[in-house]
Amino acid sequence: MSKTWGQYQGAAHDHERAGYQFKEAAKYHETEEHEKAAHRAYFAHGHGQHAILHQVAAAKLNVERWDGLATPGSELTADKKTAA
């Protein structure tokens with residue numbers, strides 16, 4: 001498995017955990033247990049932030065992977081620059 005795919009899987013897992021924590025926070029909020037609701041919301045926020053870090057890492061790995069590859073037509077522009 002590639003590092004990029006691993007990062008995307010980590011992000012998906014953290015999004016799932018954040019969703020679970022938000023559901024739990026909503027349950028506590030409905031029963032007016034505000035301290036427990038705030039605690040679950042705090043966890044949900046943390047999982048959301050962790051998911052974002054995974055997505056950024058995956059994007060960086062993706063850029064590193066594709067940055068070195070030539071794009072169609074790039075050879076032509078390079079030849080024109082050296083000829084001029």
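No hydrogens, no waters, no symmetry mates; every other heavy atom, side chains included, goes into these values.
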The remaining residues in the hydrophobic cluster of Val63, counting side-chain heavy-atom contacts under 4.5 Å among Ile, Leu, Val, Met, Phe, Trp and Tyr, are none
Closest heavy-atom pair, Thr4 versus Asn62, reported as atoms and distance to 0.1 Å, is OG1-N, 4.1 Å
Value for CD (Gln55) from NZ (Lys60), rounded to nearest 0.5 Å, stands at 13.5 Å
Give me each pair satisfying salt bridge (charged side-chain N to carboxylate O under 4.0 Å, His left out) with a member in residues 25-35, each pair once, sequence neighbours excluded.
Glu24-Lys27, Glu33-Lys36
Just list the side-chain donor-acceptor pairs under 3.5 Å for residues 37-54, sequence neighbours left out, or say none.
| unit_1 | atom_1 | unit_2 | atom_2 | d |
| --- | --- | --- | --- | --- |
| Arg40 | NH1 | Gln21 | OE1 | 3.0 |
| His50 | ND1 | Asp14 | OD2 | 2.8 |
| His54 | ND1 | Gln7 | OE1 | 2.7 |
| His54 | NE2 | Asp14 | OD2 | 3.4 |

